[in-house]
Amino acid sequence: MPMNIIYREAETSDAGKFLEYCKRVGGESDNLTFGPEGLPFSISQTADYIRKVSGNPESAMILAFDEGELIGSGAISSVSGRARFSHRKELAITVRKDYWRKGVGTGLMKVLIDFARKNGTEVLELQVRSDNESAIGLYKKFGFEKIGTYKNFFKIDGEYFDADFMNLYL
Ligand SMILES: CC(C)(COP(=O)(O)OP(=O)(O)OC[C@H]1O[C@@H](n2cnc3c(N)ncnc32)[C@H](O)[C@@H]1OP(=O)(O)O)[C@@H](O)C(=O)NCCC(=O)NCCS
């Protein structure tokens, strides 16, 4: 059956659903900055964060839904709020495991890159575990290039993993 995925900006009322989603995707791979515990924020803190992001033309939080179910997320955020970094933005993306390899990551990337182009971003940057071939494949498909390797970027249950730093010059 063809999927009808809706991509839209996060709303404050998505906060609870988003926190549950993070626990789920955090437990489905060791590729994220968090595990099955999810993010260390309450629903109201997350709603405040969503309000802040949606009120800032420099940042975006995009959610992907299939029949009302949250199945993917992506974000564009400022590097540190410093004026001298304002041409750069960070990109992050996750997709629920039962939706991998169905084009949802591609759909999110298109929306996020389009948003970044429109707000005048010059460099999109991200960090990805060096052994995360799926994500690296997705980023290369959109023109991201590897600019270096950070040795021991992640420490997961006592084990170290390198990260590739990748940039897209818009
Ligand atoms: C990485 C991730 C976001 C990809 O999302 P997705 O919805 O599966 O991606 P798509 O179906 O749109 O695939 C896009 C491209 O990614 C690459 N890709 C995706 N899965 C792949 C796999 N298993 N092996 C190799 N390449 C893969 C391919 O280049 C693919 O393009 P193609 O289908 O034209 O060959 C998803 O696997 C995920 O959420 N993984 C866990 C969390 C994560 O790693 N996030 C990134 C952290 S930096």
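Predicted model, so just to flag it, every value in this text is computed and none were measured. First listed ligand is number 1; within each ligand, the first listed atom is number 1.
Around atom OH of Tyr49, no more than 12 heavy atoms belonging to other residues, nucleotides or ligands sit under 6.0 Å away. The local environment of OH in Tyr150 is sparse, with at most 12 non-hydrogen atoms from other residues, nucleotides or ligands closer than 6.0 Å. With a 6.0 Å radius and a threshold of 12 heavy atoms from other residues, nucleotides or ligands, Glu133 has its CD atom at or below the threshold.
Considering backbone and side-chain N/O of Thr106, one or more are found under 3.5 Å from N/O of ligand 1. Polar contact with ligand 1: present for Asn132 (N/O pair, distance under 3.5 Å). An N or O contact shorter than 3.5 Å links Lys141 to ligand 1 by distance. Any N or O atom pair closer than 3.5 Å counts here, and Leu32 shares no such pair with ligand 1. Residue Val128 has no N or O atom closer than 3.5 Å to an N or O atom of ligand 1.
Here Tyr139 has side-chain heavy atoms under 4.0 Å from ligand 1, and that is the only part of it that gets that close. In Ala135, the parts holding a heavy atom less than 4.0 Å from any atom of ligand 1 are both the side chain and the backbone. Looking at Lys102 against ligand 1, only its backbone comes within 4.0 Å, counting heavy atoms. Counting heavy atoms closer than 4.0 Å to ligand 1, residue Arg129 contributes nothing at all.
Looking at every heavy atom in both residues, Leu32 comes nearest to Phe154 through O-CE2, 3.8 Å. Summarising the geometry of Asp162 relative to Asn152, their closest heavy-atom pair is OD1-N, 3.0 Å, with the distance given to 0.1 Å. Of all heavy-atom pairs spanning Arg117 and Leu170, the tightest one is NH1-CD2, 3.6 Å. Minimum heavy-atom separation, Asp66 to Ile71: N-CG1, 3.9 Å.
Every atom of ligand 1 with a heavy atom of Ser29 under 4.0 Å away is listed here by number and element: 41 (C), 42 (C). Ligand 1 places these atoms under 4.0 Å from at least one heavy atom of Gln127: 48 (S). Near Asn31, with a cut-off below 4.0 Å to any heavy atom, the atoms of ligand 1 are 43 (C), 44 (O), 47 (C). Shown in contact with Gly137 at under 4.0 Å from a heavy atom are these atoms of ligand 1, numbered in order with element: 17 (C), 29 (O). Near Thr94, the atoms of ligand 1 lying under 4.0 angstrom from a non-hydrogen atom of the residue are 39 (O).
The single protein non-hydrogen atom nearest to atom 38 (C) of ligand 1 is Trp100 NE1, 3.3 Å, given as residue, atom name and distance. Of all protein heavy atoms, the one lying nearest to atom 17 (C) of ligand 1 is Ser134 O, 3.4 Å. Scanning all protein heavy atoms for the shortest distance to atom 45 (N) of ligand 1 gives Ile93 O, 3.2 Å. At the top of the distance list for atom 7 (O) of ligand 1, counting protein heavy atoms only, stands Gly105 N, 2.7 Å.
If you look at Tyr7 and Phe65, their ring centroids are not closer than 6.0 Å.
Summarising the contacts of atom 3 (C) of ligand 1 with Val95, Leu126, Ile71, the nearest heavy atom is found in Val95. Across the listed options Asp164, Asp30, Leu138, Leu138 owns the non-hydrogen atom lying nearest to atom 4 (C) of ligand 1. Comparing Arg101, Lys97, Met166, Glu28 by heavy-atom distance to atom 8 (O) of ligand 1, the nearest is Arg101. Closest to atom 11 (O) of ligand 1 by heavy atom, among Ala64, Gly103, Ala92, is Gly103.
Using a 4.5 Å heavy-atom threshold, the side chains of Lys155 and Phe161 count as separate. With a 4.5 Å cut-off on side-chain heavy atoms, Arg88 and Thr121 do not count as touching.
Between the side chains of Lys146 and Thr149, at least one donor N or O lies within less than 3.5 Å of an accepting N or O. A side-chain N or O of Ser73 and one of Thr94 form a donor-acceptor pair less than 3.5 Å apart.
Using a 4.5 Å cut-off between side-chain heavy atoms of Ile, Leu, Val, Met, Phe, Trp and Tyr, with links allowed through other members, Val104 and Trp100 fall into the same hydrophobic cluster.
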